[in-house]
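Notes follow the structure.
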Amino acid sequence: MKREDIRRIAVFTSGGDAPGMNAALRAVVRTAAWNKLHVYGIERGYEGMIDGHFKRMERRDVANIIQRGGTVLRTARSMRFMTPEGRAQAADHLRAYDIDACIAIGGNGTFTGAKIFSEEHGIPFIGIPGTIDNDLYGTDYTIGFDTAVNTAIEAVDKIRDTADSHNRLFFVEVMGRHSGYIALHTAIGSGASSVLIPEANTNLEDLKTVLKKNKARGKLFSVVIVAEGHPMGGAAGIAAKIKDDLASMEPKVTVIGHLQRGGAPTALDRLLASRLGYAAVTKLLEGEENVAVGIVNDLVTLTSFEEAIYKEKKPQGDLIEMASILAI
Ligand SMILES: Nc1ncnc2c1ncn2[C@@H]1O[C@H](COP(=O)(O)OP(=O)(O)OP(=O)(O)O)[C@@H](O)[C@H]1O
Ligand SMILES: O=P(O)(O)OC[C@H]1O[C@](O)(CO)[C@@H](O)[C@@H]1O
Ligand SMILES: [Mg+2]
């Protein structure tokens with residue numbers, strides 16, 4: 001049965017922006033409008049909630065944004081929301097606007113804030129996983145991950161040209177705060193020689209041996225993908241540790257950086273964002289609260305914030321093995 005007590009909802013984007021956040025916002029606003037809900041967009045995530053930056057959003061306000069990267073609501077990392085005083089100020093604004101429930105589009109930090117806030121202030125939340133990192137349990141992929149991987153692969157394709165021309169070794173660092181997902185998928189999709197991620201043990205002696213063997217076998221250049229969260233210090237840290245032994249390969253370091261966060265969302269991200277935005281409103285009206293929506297095996301799923309944030313989501317072990325076999 002449809003919940004009749006929810007009439008006004010607020011929606012915001014938070015944490016790092018991710019391509020597809022706009023598509024998710026569009027889906028939330030339009031699904032809500034279709035269900036005759038009033039929607040308020042909050043600018044700059046929890047910062048805007050604390051400062052009362054709310055604006056009414058109607059169906060035409062989300063026209064022509066499905067294809068745009070970034071987030072039209074803008075985003076922030078809010079230190080003030082980490083304090084009970086900041087959260088109390090945010091709650092006052094939500095009450096002043098008569099908000100019955102919130103939809104948060106963001107990553108694990110955003111969901112942590114939502115969980116703590118709803119426990120303290122009793123305002124229900126639904127989370128939509130929007131982060132390039134793909135580090136949330138309860139969904140096969142998060143919004144923005146596919147676009148980020150496509151961008152990283154395009155960059156590595158270009159690095160390959162120059163690496164090939166000069167017979168060089170490149171260490172390419174990709175994003176993923178504590179997660180190796182972007183690195184692993186980029187490595188497989190770009191045909192890299194090796195991939196180093198925090199979820200798998202790294203033995204630098206083994207890496208050196210592989211790279212030397214590859215060279216002896218006629219592989220004239222190599223690209224190693226490194227996750228930024230690698231405990232040995234990212235691409236620069238790893239290159240520094242082994243460069244003397246591999247000096248003849250003229251090792252170079254490239255950090256792709258924030259390029260991976262921008263750009264038009266891929267078709268997969270637009271579809272994922274549309275499905276999750278629609279599901280968030282629909283599930284809220286069915287009585288769900290304090291859960292994240294996700295898609296697992298092509299079906300919409302619900303996961304408690306607790307599990308979405310803390311349950312470990314690790315890249316499949318066989319993908320790590322496969323990446324190294326395909327690189328011989
Ligand atoms: N423990 C916490 N208590 C209250 N608020 C929190 C907490 N952790 C995170 N937040 C809020 O959520 C915001 C977003 O979190 P964070 O910066 O970790 O990004 P995220 O949502 O994980 O996205 P991404 O990893 O893609 O950048 C933080 O800036 C903060 O305002
Ligand atoms: O935008 P900032 O604050 O530089 O944060 C970068 C971090 O955000 C992420 O891009 C996720 O949004 C991580 O992969 C990265 O570690
Ligand atoms: Mg995060």
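Counting convention: from 1, in listed order, for ligands and their atoms alike. Throughout, residue positions are numbered sequentially from 1 according to the sequence presented.
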Exercise. Does some side-chain heavy atom of Leu211 sit less than 4.5 Å from a side-chain heavy atom of Leu169?
Worked result: yes
Problem set entry | Structural part of Asp17 in contact with ligand 2, heavy atom criterion under 4.0 angstrom | neither
For this session: Look at the side chain of Asp269 and the backbone N and O of Thr266, then say whether any donor-acceptor pair between them is shorter than 3.5 Å.
Result: no
For this session: Answer yes or no: is there an ion pair linking Asp161 with Lys158, defined by an N-O contact shorter than 4.0 Å?
Result: no
Exercise. Got an N, O or S from Thr110 under 2.8 Å of the Mg ion (ligand 3)?
Worked result: no
For this session: Starting from atom 16 (P) of ligand 1, locate the nearest protein heavy atom and write down its residue, its atom name and how far away it is, to 0.1 Å.
Result: Arg77 NH1, 3.6 Å
Exercise. Starting from atom 4 (O) of ligand 2, which protein heavy atom do you reach first, and at what distance in Å?
Worked result: His258 NE2, 2.9 Å
Exercise. Is Ile116 touching ligand 1 with its side chain, its backbone, both, or neither, if touching means heavy atoms under 4.0 Å apart?
Worked result: side chain
Problem set entry | Over-ring placement of Lys313 relative to Tyr181, 6.0 Å and 45° cut-offs | yes
Seminar exercise, completed: ligand 2 to Gly16, heavy atom cutoff 4.0 Å, flagged ligand atoms 12 (O)
Exercise. Do the charged groups of Asp298 and Arg275 touch, with an N to O distance under 4.0 Å?
Worked result: yes
Exercise. For atom 13 (C) of ligand 1, which protein heavy atom lies nearest, and how many Å away is it?
Worked result: Ser14 OG, 3.8 Å
Seminar exercise, completed: Residue, atom and distance of the protein heavy atom nearest atom 7 (C) of ligand 1 read Met82 SD, 3.3 Å
Exercise. For Ile328, does the CD1 atom have more than 12 heavy-atom neighbours from other residues, nucleotides or ligands under 6.0 Å away?
Worked result: no
Exercise. Side chains of Gln260 and Thr151: do they bring a donor and an acceptor to under 3.5 Å?
Worked result: no
Exercise. For ligand 1, which atoms sit closer than 4.0 Å to a heavy atom of Gly16?
Worked result: 23 (O), 24 (P), 26 (O), 27 (O)
Problem set entry | Which of the ligand 1 atoms, numbered from 1, are nearer than 4.0 Å to a heavy atom of Thr131 | 24 (P), 25 (O), 26 (O)
Problem set entry | Element-labelled atoms of ligand 1 that are located less than 4.0 Å from some non-hydrogen atom of Asp133 | 25 (O)
Problem set entry | Side-chain ion pair, Arg87 and Glu120, N-O less than 4.0 Å | yes
Exercise. Do Phe305 and Val291 come within less than 4.5 Å of each other through their side chains, counting heavy atoms only?
Worked result: no
For this session: Identify, by atom number and element, the atoms of ligand 1 in contact range of Gly113, meaning under 4.0 Å from any of its heavy atoms.
Result: 4 (C), 5 (N), 6 (C)
For this session: Could you find the nearest protein heavy atom to atom 21 (O) of ligand 1 and give me its residue, atom name and distance?
Result: Thr110 OG1, 2.5 Å
For this session: May I ask you to identify the nearest protein heavy atom to atom 30 (C) of ligand 1, giving residue, atom name and distance to one decimal place in Å?
Result: Ser78 O, 3.4 Å
Exercise. N/O of Ile132 under 3.5 Å from N/O of ligand 1, yes or no?
Worked result: no
For this session: Please state whether the rings of His93 and Phe54 are parallel, tilted or perpendicular, taking 30° and 60° as the class boundaries.
Result: tilted
For this session: Specify the protein heavy atom at minimum distance from atom 5 (O) of ligand 2: its residue, its atom name, and the distance to 0.1 Å.
Result: Arg77 NH2, 3.0 Å
Exercise. Counting only heavy atoms not in Arg56, do more than 12 fall under 6.0 Å of its CZ?
Worked result: yes
Problem set entry | Side-chain H-bond candidate by donor/acceptor type, Arg8 with Tyr97, under 3.5 Å | no
For this session: Report the part of Arg177 in contact with ligand 1, treating N, CA, C, O as backbone and CB onward as side chain, heavy atoms under 4.0 Å; options are side chain, backbone, both, neither.
Result: side chain
Exercise. Is a side-chain donor or acceptor of Ser179 paired with a backbone partner of Asp135 at a separation under 3.5 angstrom?
Worked result: no
Exercise. So, are Arg3 and Glu289 salt-bridged, with charged N and O less than 4.0 Å apart?
Worked result: yes
Exercise. Are any side-chain N or O atoms of Asp206 and backbone N or O atoms of Thr202, one a donor and one an acceptor, separated by less than 3.5 Å?
Worked result: no
Problem set entry | Closest protein heavy atom to atom 22 (O) of ligand 1, given as residue, atom name and distance to 0.1 Å | Asn108 OD1, 2.6 Å
Seminar exercise, completed: At under 4.0 Å between heavy atoms, what of Phe81 touches ligand 1? The answer is both
Exercise. Can you find a non-hydrogen atom of Gln260 under 4.0 Å from ligand 2?
Worked result: no
For this session: Considering the heavy atoms of Gly107, write down every atom of ligand 1 situated less than 4.0 Å from one of them.
Result: 20 (P), 21 (O), 22 (O), 23 (O)
Exercise. With a 4.5 Å limit on heavy-atom distance, are the side chains of Asn134 and Tyr141 in contact?
Worked result: yes
Exercise. Heavy atom of Gly176 under 4.0 Å from ligand 2?
Worked result: yes
Exercise. Is the distance between the ring centroids of Phe81 and Phe117 less than 6.0 Å?
Worked result: yes
Exercise. Taking non-hydrogen atoms only, is Asp135 closer than 4.0 angstrom to ligand 1 via side chain, backbone, both or neither?
Worked result: neither
For this session: Would you mind listing which atoms of ligand 2 come within a distance below 4.0 Å of any non-hydrogen atom of Ile132?
Result: 10 (O)
Problem set entry | Nearest-neighbour protein heavy atom for atom 18 (O) of ligand 1, which is reported as residue plus atom name and distance | Gly109 CA, 3.5 Å
Exercise. Which atoms of ligand 1 sit under 4.0 Å from any heavy atom of Tyr46?
Worked result: 11 (C), 12 (O), 31 (O)
Exercise. Counting heavy atoms only, which of Arg261, Glu228, Arg177 is nearest atom 15 (C) of ligand 2?
Worked result: Glu228
Exercise. Which atoms from ligand 2 have a heavy atom of Asp133 less than 4.0 Å away?
Worked result: 9 (C), 11 (C), 13 (C), 14 (O)
For this session: Return the residue, atom name and 0.1 Å-rounded distance of the protein heavy atom closest to atom 1 (N) of ligand 1.
Result: Thr112 CG2, 3.5 Å
